[in-house]
Q: 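Structure incoming, see below.
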2 protein chains.
Amino acid sequence: MPDSAIRPRKEFGKTIAADITHRLREEIIACGLAPGEPLRFDVLRERFGASFTTLREALTALAAEGLVDAQEQRGFRVAPVSRQDLVEVTDARVLIEVELIRRSIERGDDDWEIAVISTLHRLKRIEQRDPEHPLRDPEWKIAHRQFHQALVSACGSATLLAIRAELFDRAERYRHLSANFRPRPRDKAGEHQAIMQAAISRNADLAVQLIEAHIRSTSDNVATYAGHLLDAE
Amino acid sequence: MPDSAIRPRKEFGKTIAADITHRLREEIIACGLAPGEPLRFDVLRERFGASFTTLREALTALAAEGLVDAQEQRGFRVAPVSRQDLVEVTDARVLIEVELIRRSIERGDDDWEIAVISTLHRLKRIEQRDPEHPLRDPEWKIAHRQFHQALVSACGSATLLAIRAELFDRAERYRHLSANFRPRPRDKAGEHQAIMQAAISRNADLAVQLIEAHIRSTSDNVATYAGHLLDAE
DNA sequence: AACGGTATGATTTTCGAAAATATGATCTGG
DNA sequence: CCAGATCATATTTTCGAAAATCATACCGTT
């Protein structure tokens, strides 16, 4: 008999701290918490319904991921954004993602091909349904993330995948930052399609070239349309 | 008047949590806490003199760095070691360090050259003094770390430097693991000297080649002399 | 004896109060 | 009127007790 008739305290079998970490991460990436904004415990306590120490644990984890800035004895704040940081994240992503694509193309088996094709398929479906503002659609965000994840998933290095994931999150925050000012999304569907085809046909050089262009053009877009937000800090 | 006549509660103006994080990191790297060993709070509480939540915060931070393994609802343990992990860390280090050396050689100014030369000088001094078991000498460890840090310090990317630092720590733990079984340290002094010269003379290709060989041979050494520790887990 | 379920003890996880520290306002002497 | 010290308030940081969860030994049934 389910005596938890009142309500489930946490999302899923995890700890509350892990749950809060996840929710805070999403909120920071989506810029629901603005870059540089102070993260006061009273406010967080009310918003997330957890105690001081649990929140502190979550913030510490996010600080290690580069999404939160811990200022000793003076609390936490959302990691600030800057042109320099955007350039660094972009460069690091290119360096690592290019390497992982190469390895995945070399090592990927049938399951990998299936994952790449099916995640792209789902992404295109969602884009057809509502082609207007993809970043505002949580489903699109997840599908987009999963497609790029699938591309590199066969690289064979959990270590590099973890690093890649952190950089992807940091980059996604910048995309959100510019989403409100960008007039209209460019033709991402075509780019994704081309990347998929290059990967599946094991054309590593082409895939690498396309991925690098994809990452850099996204970054340029952010710099163009959110530039005024990057200098102010 | 120093009324803290009893004793200073923490290392330095930092928070206790940050201090514990630092001490725990050092201890794990030095294998004072063995790979895979459970990290029970009662034990840690006694050893480090901090409360549950403070320790929890430190462990969470180290989990994000890959030195601690967090098992939901079942506590923490020192991150296990394995051949696979050693290979991953080595590969990731080569990928990143090679890139950072290139950038540093391209961008490094006079101060960078001075830092490289002087950190190597100090390292050699310490090696002369006691050439036997360098890893057991805390001063050698610090000097060694600072030399390698100096080499890449001019790369211009704080993001990549942070990633590099984490990987360096994880690799250093493997070095400690094999230190007890390695008959005698190979000629690291010569290797460091050659790397320094290649860097200062701006011979990027040579420096990259030497660094890669340096990293890989260290890793091979670990696999050879600590192999029996890597399969057991 | 083997199996499944239950109670017991050990351990982790969470909480809110209390201590420590920073921030900001007020006062004093120059 | 300004600079520096002093106090009051706001906020973070730390603590140990209490709740939740997991591991294990025990017991009854087949």
Side-chain angles (χ1 to χ4, degrees), chain A residues 1-24 28 33-34 36-64 67-80, chain B residues 1-24 28 33-34 36-64 67-80:
Chain A
M1 79 185 78
D3 63 14
S4 66
I6 309 173
R7 60 175 169 175
R9 279 216 347 193
K10 13 179 182 167
E11 194 84 7
F12 226 3
K14 304 177 174 187
T15 61
I16 293 180
D19 182 41
I20 302 275
T21 304
H22 184 255
R23 290 205 286 153
L24 255 171
I28 290 173
L33 294 165
E37 183 178 342
L39 295 165
R40 296 233 177 70
F41 283 99
D42 290 338
V43 180
L44 297 177
R45 214 146 155 295
E46 185 152 4
R47 167 126 56 149
F48 292 95
S51 75
F52 295 107
T53 35
T54 305
L55 286 166
R56 177 159 257 273
E57 186 181 329
L59 290 171
T60 303
L62 293 173
L67 288 175
V68 158
D69 187 22
Q71 314 171 70
E72 307 257 285
Q73 308 284 20
R74 299 202 288 137
F76 298 82
R77 59 175 180 166
V78 180
Chain B
M1 81 184 76
D3 64 15
S4 66
I6 308 171
R7 58 173 170 175
R9 277 211 358 187
K10 10 180 182 166
E11 194 84 8
F12 226 3
K14 305 176 173 185
T15 62
I16 292 181
D19 182 41
I20 303 274
T21 305
H22 184 255
R23 290 205 286 155
L24 257 171
I28 291 173
L33 295 164
E37 183 177 343
L39 294 166
R40 298 231 175 71
F41 283 99
D42 289 338
V43 180
L44 296 178
R45 214 145 154 297
E46 184 153 4
R47 169 123 58 147
F48 292 95
S51 75
F52 296 108
T53 35
T54 304
L55 286 165
R56 178 160 257 273
E57 187 181 329
L59 290 171
T60 303
L62 292 173
L67 289 174
V68 159
D69 188 22
Q71 315 171 73
E72 306 257 285
Q73 307 283 20
R74 298 202 288 135
F76 299 82
R77 59 173 179 168
V78 180

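The chains referred to below are lettered A, B, ... by the order of the sequence lines, with proteins before strands, and numbering in each begins at 1. On a predicted model such as this, the values are computed, not experimentally measured, just so you know.
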Q: Check DNA chain D against residues 41-50 of chain A and give the residues with a non-hydrogen atom under 4.0 Å, in numerical order.
A: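 The stretch gives A:F41 as the residues lying under 4.0 Å from the strand, ordered by number.
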Q: With a 4.0 Å cutoff (strictly under), does any side-chain N or O of B:T53 reach OP1 or OP2 of C:dT13?
A: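 It does not, given that no N or O in the side chain of B:T53 lies less than 4.0 Å from OP1 or OP2 of C:dT13.
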Q: For A:L55 and D:dT13, give me the distance from atom CG to atom P, rounded to whole Å.
A: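 In whole Å, D:dT13 P lies 12 Å from A:L55 CG.
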Q: D:dT21 phosphate, OP1 or OP2: any side-chain N/O from B:R74 under 4.0 angstrom?
A: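 No, because none of the side-chain N or O atoms of B:R74 sits under 4.0 Å from OP1 or OP2 of D:dT21.
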Q: Taking the six-membered ring of A:F52 as reference, does the cationic atom of A:R45 (NZ for Lys, CZ for Arg) lie under 6.0 Å from its centre and within 45° of its axis?
A: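 That pair qualifies as a cation-pi contact.
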Q: Donor-acceptor check, side chain of A:T54 to backbone of A:A50, threshold 3.5 angstrom: yes or no?
A: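 No, the answer is negative, given that no donor and acceptor are paired below the 3.5 Å cut-off.
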Q: Apply side-chain contact (heavy atoms from CB on, under 4.5 Å) to the pair A:L59 and A:L44, showing each step before the final yes or no.
A: CA-CA 11 Å; A:L59 290 171; A:L44 297 177; 3.9 Å; yes
Q: Under 4.0 angstrom, heavy atoms only, what part of the nucleic acid is A:I20 near: base, sugar-phosphate, or nothing?
A: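 Answer is nothing: A:I20 stays at 4.0 Å or more from every strand.
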Q: Starting from C1' on D:dA10, measure out to CG on A:L39 and report it in whole angstrom.
A: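 Value for this atom pair: 17 Å.
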Q: To the nearest Å, how far apart are A:I16 CD1 and C:dC15 C1'?
A: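 So the two atoms are 10 Å apart, to the nearest Å.
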Q: Distance check, rounded to the nearest 0.5 Å: A:L24 atom CG versus A:L55 atom CG?
A: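 That separation rounds to 7.0 Å.
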Q: Roughly, in whole Å, what's the span from CD in A:Q73 to C1' in C:dA19?
A: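 Nearest whole value for this atom pair: 12 Å.
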Q: For A:E46, I'd like to know if atom CD has over 12 heavy atoms of other residues, nucleotides or ligands within 6.0 Å.
A: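 No.
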Q: Take the protein atom CG of A:D19 and the nucleotide atom C1' of C:dT14, then report the distance between them rounded to whole Å.
A: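 In whole Å, C:dT14 C1' lies 14 Å from A:D19 CG.
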Q: Within this structure, what is the CG-to-P distance between A:L59 and D:dT14, rounded to whole angstrom?
A: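 The distance from CG of A:L59 to P of D:dT14 comes to 14 Å, rounded to the nearest Å.
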Q: For salt bridge (Lys or Arg N to Asp or Glu O under 4.0 Å), just list the numbers for A:R56 and B:E57, CA-CA rounded to whole Å, side-chain angles, deciding distance to a tenth of an Å, and then say yes or no.
A: CA-CA 7 Å; A:R56 177 159 257 273; B:E57 187 181 329; 2.8 Å; yes
Q: Less than 4.0 angstrom from a charged side-chain N to a carboxylate O is my criterion; do A:R77 and A:D69 meet it?
A: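 Answer for the salt bridge query: yes.
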Q: Roughly how many Å is it from CD in B:E72 to P in D:dA23, rounded to a whole number?
A: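 From B:E72 CD to D:dA23 P: 13 Å.
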Q: Please determine, for the side chain of B:R40, which listed nucleotide (C:dT12, C:dT13, D:dT14) has the closest atom?
A: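 Comparing C:dT12, C:dT13, D:dT14 against the side chain of B:R40, the answer is C:dT12.
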Q: With nearest nucleotides of DNA chain D determined for B:F52 and B:E57 from heavy-atom distances, which residue corresponds to the more 5′ nucleotide?
A: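 Its nearest nucleotide lies further toward 5', so the answer is B:E57.
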Q: From the options D:dT13, C:dT13, C:dT14, select the nucleotide whose nearest atom is closest to the side chain of A:R56.
A: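 Comparing D:dT13, C:dT13, C:dT14 against the side chain of A:R56, the answer is D:dT13.
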